[in-house]
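The structure appears below as structure tokens.
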Amino acid sequence: MTEKIIDKKQNGLGALIFFILLYLIAIGILILGGFLVENDGTILGTVLLIIGILYSCLGWIPLLGLKVINPQEALVLTLFGKYIGTLKKDGFYWVNPFVVAVNPAAATRLSQSGDVEKQRKSEMVSSALVGMNVPGSGGVTRKHISLKVMTLNNSKQKINDCLGNPIEIGIAVMWRVVDTAKAVFNVDNYKEYLSLQCDSALRNVVRIYPYDVAENVDTTGDGIADEGSLRGSSEVVAERIRKEIQGKVQDAGLEILEARITYLAYAPEIAAVMLQRQQASAVIDARKMIVEGAVGMVEMALDRLAKTNCVDLDEERKAAMVSNLLVVLCGNKDAQPIINSGTLY
């Protein structure tokens with residue numbers, strides 16, 4: 001399905017004035033015909049009376065062709081089941097009164113920015129004047145398609161990462177409609193279609209990455225282990241999610257502008273265990289740093305003593321000194337000094 005833009009003049013105001021004048025003329029003809037029938041009973045009076053009555057009853061039909069298009073909105077029109085084009089430019093139009101506006105997603109409400117209905121008196125007044133549907137009244141929905149950039153916040157999902165750990169993740173997707181014909185006719189409901197494709201793409205991408213950096217994990221597909229992770233490579237993951245969604249919604253006439261991870265955490269059933277694991281890893285890393293620093297300080301102390309020749313230590317006394325220094329430097333508590341008044345031998 002190829003989008004066809006209806007490029008016609010904004011003739012809605014002229015058409016509205018013209019049809020109002022026709023109504024006034026019809027009322028005048030009706031009055032004149034009734035006067036002639038009542039006084040002379042001529043055929044002309046009868047004909048004028050019939051014309052006036054018919055137009056008074058059917059003259060509202062052309063008013064159905066009046067359409068108001070707001071900025072960043074579009075209206076997909078069909079005539080007896082055939083797609084005739086899309087009104088995209090904002091303005092006041094008059095089209096064939098028998099055309100029907102089509103938007104299968106008009107009543108769909110997702111947790112996104114464009115689905116918050118606002119009551120605006122100016123819209124309601126203009127809609128009433130041109131015979132359009134009034135948003136939020138009587139359960140009738142507007143058939144206009146928004147061309148604005150909208151944000152879809154899908155609910156959090158529980159997904160297993162590449163190591164099998166269950167995590168909870170949520171994304172926000174910025175998108176817009178770029179081809180109204182594809183959005184309306186290629187899929188049943190483009191909003192629900194987008195939401196489902198976001199869920200599917202999120203699962204496909206998250207299963208490739210570990211939550212944290214892990215050994216021997218290839219996240220790029222080149223056969224070489226790397227340091228990619230959901231927590232550390234959030235921008236890379238978000239871009240892969242965006243490309244994955246874009247490939248799935250291309251035929252629906254949608255453009256995915258950006259995807260961002262809004263929530264990321266371990267699932268509640270393993271969150272406590274993973275916290276203990278992270279704490280243990282942090283303690284081990286801290287101990288390694290302390291030991292490395294203590295060994296360096298011991299080496300420096302022995303070198304300084306050897307250079308100054310202030311004391312002559314044999315191997316056994318060096319070993320004792322190293323042991324004492326390591327205990328003092330690596331201990332969790334403050335060391336208690338002990339004065340040795342004797343000898344090691």
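- When each of I29, I31, L30 is paired with L48, the side-chain contact (heavy atoms from CB on, under 4.5 Å) condition holds for I29 and for no other.
- No salt bridge links E244 with R242; every basic N to acidic carboxylate O contact stays at or beyond 4.0 Å.
- Hydrophobic cluster membership is shared by L147 and V102, with clusters built from Ile, Leu, Val, Met, Phe, Trp and Tyr side chains linked at under 4.5 angstrom.
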> How far apart are the C-alpha atoms of L194 and I245, what are their side-chain angles, what is the distance that settles it, and do they pass the side chain to side chain contact (heavy atoms under 4.5 Å, CB included) test?
Replying inline: CA-CA 8 Å; L194 172 64; I245 300 173; 4.1 Å; yes
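- Residue pairs satisfying the ring-ring contact (aromatic ring centres under 6.0 Å, His included) criterion with at least one member in residues 62-91, sequence neighbours excluded, are listed as follows: Y83-F185.
- The hydrophobic cluster around V178 extends to none of the other residues, as no ILVMFWY side-chain heavy atom falls under 4.5 Å of it.
- Taking the six-membered ring for Trp, W94 and F18 have ring centres at least 6.0 Å apart.
- In the hydrophobic cluster analysis, where Ile, Leu, Val, Met, Phe, Trp and Tyr join through side-chain heavy atoms closer than 4.5 angstrom, Y93 is grouped together with W60.
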> So D161 and Y209, side chain to side chain contact (heavy atoms under 4.5 Å, CB included) or not? Walk me through it.
Replying inline: CA-CA 6 Å; D161 65 2; Y209 289 85; over 6 Å; no
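- Residues satisfying the salt bridge (Lys or Arg N to Asp or Glu O under 4.0 Å) test with K88, not counting sequence neighbours, are E3.
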>> Between V95 and L87, is the side chain to side chain contact (heavy atoms under 4.5 Å, CB included) condition met? List the steps.
In response: CA-CA 10 Å; V95 295; L87 290 173; 4.3 Å; yes
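- By the 4.5 Å heavy-atom criterion applied to side chains, N204 and K248 are counted as neighbours.
- Under a 3.5 Å cut-off, the side chain of T78 and the backbone N or O of V100 do form a donor-acceptor pair.
- V173 places none of its side-chain heavy atoms less than 4.5 Å from the side chain of E258.
- The same ILVMFWY cluster, assembled from side-chain heavy atoms under 4.5 Å apart, contains both V205 and L264.
- Remark: side-chain polar atoms of H144 are paired, donor with acceptor, to backbone N or O of V68 under 3.5 angstrom.
- Sparse packing is recorded around CD of E227, with 12 or fewer heavy atoms of other residues, nucleotides or ligands lying under 6.0 Å away.
- Contact of the I159 side chain with the P166 side chain is not registered, since no non-hydrogen atoms from C-beta on lie closer than 4.5 Å.
- Looking at residues two or more places apart in sequence or on another chain, you find no ring pair (Phe, Tyr, Trp, His ring centres under 6.0 Å) involving Y193.
- Without hydrogens or angle criteria, Q246 side chain to L254 main chain gives a donor-acceptor distance under 3.5 Å.
- In this structure, S200 contributes its side chain and L196 its backbone to no donor-acceptor pair below 3.5 Å.
- The two atoms that bring D251 and K182 nearest to each other are O-CB, 3.6 Å, heavy atoms only.
- Residues I224 and V217 do not share a hydrophobic cluster, defined by chaining ILVMFWY side chains whose heavy atoms lie under 4.5 Å apart.
- Remark: K156 is positioned above the aromatic ring of Y263, its terminal NZ or CZ atom under 6.0 angstrom from the ring centre and at most 45 degrees off the axis.
- When atom types are taken as modelled, the side chain of N70 and the backbone of E73 share no donor-acceptor pair closer than 3.5 angstrom.
- Atom CG of D7 has 12 or fewer heavy atoms from other residues, nucleotides or ligands within 6.0 Å.
- You'll find the side chain of P97 stays beyond 4.5 Å of the side chain of L63, heavy atoms only.
- Looking at heavy atoms from C-beta onward, N103 lies out of side-chain contact with V76 at the 4.5 angstrom threshold.
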> Would S229 and D212 satisfy side-chain hydrogen bond (donor to acceptor under 3.5 Å, both in side chains), going step by step from the backbone distance to the final call?
Replying inline: CA-CA 5 Å; S229 66; D212 263 321; 5.0 Å; no
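- Scanning for ring pair (Phe, Tyr, Trp, His ring centres under 6.0 Å) contacts around Y211 gives Y266, with sequence neighbours left out.
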Going by atom type alone, with no hydrogens or angles, which donor-acceptor pairs under 3.5 Å involve a side-chain atom of residues 290-297 and a protein atom two or more places apart or on another chain?
none

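- Residue L66 is grouped with residue I61 when hydrophobic side chains (ILVMFWY) are merged at heavy-atom distances under 4.5 angstrom, including chains of intermediate members.
- Heavy-atom contacts from other residues, nucleotides or ligands closer than 6.0 Å to NZ of K4 number more than 12.
- Looking only at atom types and distance, the side chain of D199 has a donor-acceptor partner in the side chain of N154 under 3.5 Å away.
- Ring geometry, W175 versus Y190: the interplanar angle exceeds 60°, so the pair is classed perpendicular (tilted spans 30 to 60°).
- Contact check on K158 versus E269 returns a salt bridge, with a Lys/Arg side-chain nitrogen under 4.0 Å from an Asp/Glu carboxylate oxygen.
- Around atom CG of D188, no more than 12 heavy atoms belonging to other residues, nucleotides or ligands sit under 6.0 Å away.
- Defined by atom type and a distance below 3.5 Å, a donor-acceptor pair is present between the side-chain atoms of T220 and D218.
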